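Beneath this line is the structure, given in C-alpha cells, with notes to follow.
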Amino acid sequence: IFTFNPGVSLHNYALKDEQLGTVIDQNEWLVLPDLFILAQLKKSESIRFDYSITADFTDINRLASGYVFNNYNSLSRGNRNLENAFYDNYSLNYFNFNMFNYTNIFARISYSNRRNPIKNTSVVDGINRVNTSINSNFDDEILSGNGRFSRTFGKIKADLNASLSWSNFNNIVNNQPSKSTSLTQSYGAELSTNFANGPNFD
C-alpha cells in the first residue's frame, strides 16, 4: 500500500560580490532534504504527501549598495550582506474515482513557510520613501486548500468545488514590524445534462 521515497540534495553556491573597491566571497554548501509518500488504497484511490526544502538567493538589484530612483519620491538601496532564504513546502493530495457511479473526488492542502525571508524595510519621511533590503526574523506563511466533488446521476452531472487560501506576511516600515494577513475563499456548483436527443443545459 505504501511507497516511501526520501531523498537529499547537496548544493554548492559560490557567490562573488565586487563593489566599492572591496570583494566579498561566499562559498556555501547546503544539504536539502525531500520526502514523497504514496498510499495506494485502491487502484482508483490514493493519498500522496510531498515535502521539500528549497534555498532562495536574491539577485544583483538587492545586493547593489548604490541608491536607485524608482520614481520622483521613492528610492531603493541594496544590501550586500543579505543571506539566502529557505522555503519549507508541504502538500497532501487525495484522489478517488468510482467507475460504477462516476464519482470523482479530489482534495489538496498545501503549506509553505519561508524562513529568513528577504524583505524591504521602508523609511517614510513625508511623501518620500527609502527602501532597503534586509533578512527578516519573521517568517512568511501560505496555507491553501481546494477540493472538487462530481457525480453523474443518469444523464445529469453534478459538480461542487471550493478553494481557500490564507497568507501571513510580515513587512517592516520605519523599523517597526507590520503584519498583513489575508483570506480568500471561492465556492462553485454546477449541474449539466447529457441527453442524446432533446435540449441540454448547464
Side-chain angles (χ1 to χ4, degrees), residues 1-9 32-59 61 70 84-120 122 136 138-173 177-202:
I1 296 178
F2 290 98
T3 301
F4 296 90
N5 186 3
V8 64
S9 301
L32 304 177
D34 58 81
L35 175 64
F36 170 80
I37 300 176
L38 174 66
Q40 194 70 45
L41 307 178
K42 301 175 183 177
K43 288 186 177 180
S44 58
E45 184 180 18
S46 63
I47 300 176
R48 188 182 70 194
F49 173 77
D50 285 285
Y51 167 71
S52 65
I53 297 180
T54 56
D56 180 34
F57 286 81
T58 188
D59 58 15
N61 294 319
N70 298 319
N84 62 284
F86 289 99
Y87 279 100
D88 297 291
N89 302 297
Y90 305 81
S91 67
L92 184 66
N93 297 270
Y94 174 78
F95 173 77
N96 188 353
F97 178 70
N98 191 320
M99 284 287 294
F100 296 101
N101 54 20
Y102 296 100
T103 300
N104 193 344
I105 303 174
F106 173 79
R108 171 184 171 85
I109 184 170
S110 63
Y111 173 74
S112 176
N113 182 48
R114 192 182 188 194
R115 294 180 283 120
N116 200 34
I118 299 174
K119 294 287 187 176
N120 283 334
S122 300
S136 174
F138 303 98
D139 296 354
D140 290 334
E141 301 173 286
I142 299 177
L143 177 65
S144 63
N146 61 81
R148 178 178 294 273
F149 172 86
S150 63
R151 182 171 179 177
T152 300
F153 303 89
K155 297 295 183 178
I156 299 177
K157 180 182 178 182
D159 186 283
L160 300 173
N161 63 80
S163 65
L164 297 169
S165 179
W166 173 85
S167 62
N168 182 35
F169 295 100
N170 293 278
N171 302 297
I172 302 174
V173 179
S178 174
K179 181 179 293 187
S180 173
T181 303
S182 68
L183 176 65
T184 303
Q185 310 171 59
S186 67
Y187 308 93
E190 182 179 348
L191 283 175
S192 60
T193 62
N194 186 25
F195 297 106
N197 300 307
N200 288 292
F201 70 90
D202 66 299

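Nothing fancy with the numbering, it's 1 onward along the sequence. All values reported here derive from a predicted model rather than from experimental measurement.
- In this structure, Thr103 OG1 and Phe149 CZ are separated by 5.0 Å, a value rounded to the nearest 0.5 Å.
- Taking the side chain as every heavy atom from C-beta outward, Ile109 and Ser144 never approach each other to under 4.5 Å.
- Atom CG of residue Asp50 and atom CG of residue Asn89 lie 10.0 Å apart, to the nearest 0.5 angstrom.
- Residue Leu32 comes nearest to Ala55 through the heavy atom pair CD1-N, 4.0 Å, listed as atom of the first residue, atom of the second, then distance.
- Counting only heavy atoms from C-beta outward, the side chains of Leu191 and Ile156 approach each other to under 4.5 Å.
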Just do the side chain to side chain donor-acceptor pair (under 3.5 Å) check on Asn171 and Ser178 with the steps written out, would you? CA-CA 5 Å; Asn171 302 297; Ser178 174; 5.5 Å; no
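- Closest of all the heavy-atom pairs between Pro117 and Ala85 is CA-CB, 3.9 Å.
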Can you check side chain to side chain donor-acceptor pair (under 3.5 Å) on Asn200 and Thr193, steps first, answer last? CA-CA 5 Å; Asn200 288 292; Thr193 62; 3.0 Å; yes
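- For the atom pair OG of Ser52 and CG of Leu35, the computed distance is 10.0 Å after rounding to the nearest 0.5 Å.
- Note that CG of Asn116 and CG of Asn84 are 7.0 Å apart. Values are rounded to the nearest 0.5 Å.
- A salt bridge does not link Lys157 to Asp159: none of the charged side-chain nitrogens sits closer than 4.0 Å to a carboxylate oxygen.
- A donor-acceptor contact under 3.5 angstrom links the side chains of Asn93 and Arg108, judged on distance only.
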Could you go step by step and tell me if Arg48 and Phe95 meet the side-chain contact (heavy atoms from CB on, under 4.5 Å) rule? CA-CA 9 Å; Arg48 188 182 70 194; Phe95 173 77; over 6 Å; no
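- The side-chain heavy atoms of Ile105 and Tyr94, taken from C-beta on, include a pair separated by under 4.5 Å.
- Judged by distance alone, with hydrogens and angles left aside, the side-chain atoms of Ser136 form a donor-acceptor pair with the main-chain N or O of Phe138 at under 3.5 Å.
- The CG atom of Asn168 sits 9.0 Å away from atom OG of Ser182, with the distance rounded to the nearest 0.5 Å.
- Side-chain contact between Tyr187 and Leu160 is absent, with no heavy-atom pair separated by less than 4.5 Å.
- Other residues, nucleotides and ligands place no more than 12 heavy atoms under 6.0 Å from the CD1 atom of Ile1.
- Looking at heavy atoms from C-beta onward, Ile47 lies in side-chain contact with Leu92 at the 4.5 angstrom threshold.
- When all heavy atoms are compared, the tightest approach of Gln40 to Glu45 is NE2-O, 3.5 Å.
- Residues passing the ring-ring contact (aromatic ring centres under 6.0 Å, His included) test with Tyr51 are Tyr90, sequence neighbours excluded.
- Taking CH2 from Trp166 and CG from Leu183, the interatomic distance works out to 9.5 Å, rounded to the nearest 0.5 Å.
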Might you work through the side-chain contact (heavy atoms from CB on, under 4.5 Å) test for Thr181 and Phe169, ending with a clear yes or no? CA-CA 6 Å; Thr181 303; Phe169 295 100; over 6 Å; no
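- Heavy-atom contacts from other residues, nucleotides or ligands closer than 6.0 Å to OH of Tyr102 number 12 or fewer.
- No option in Lys119, Lys179, Arg115 other than Lys119 meets the salt bridge (charged side-chain N to carboxylate O under 4.0 Å, His left out) test with Asp140.
- Under the 3.5 Å distance criterion, with hydrogens and angles disregarded, no donor-acceptor pair is assigned to the side chains of Asn104 and Ser150.
- The shortest distance between side-chain heavy atoms of Ser46 and Leu38 falls below 4.5 Å.
- Side-chain contact between Glu190 and Asp202 is present, with at least one heavy-atom pair separated by less than 4.5 Å.
- Residues Arg114 and Asp56 form a side-chain contact, since some pair of their non-hydrogen atoms from C-beta on lies under 4.5 Å apart.
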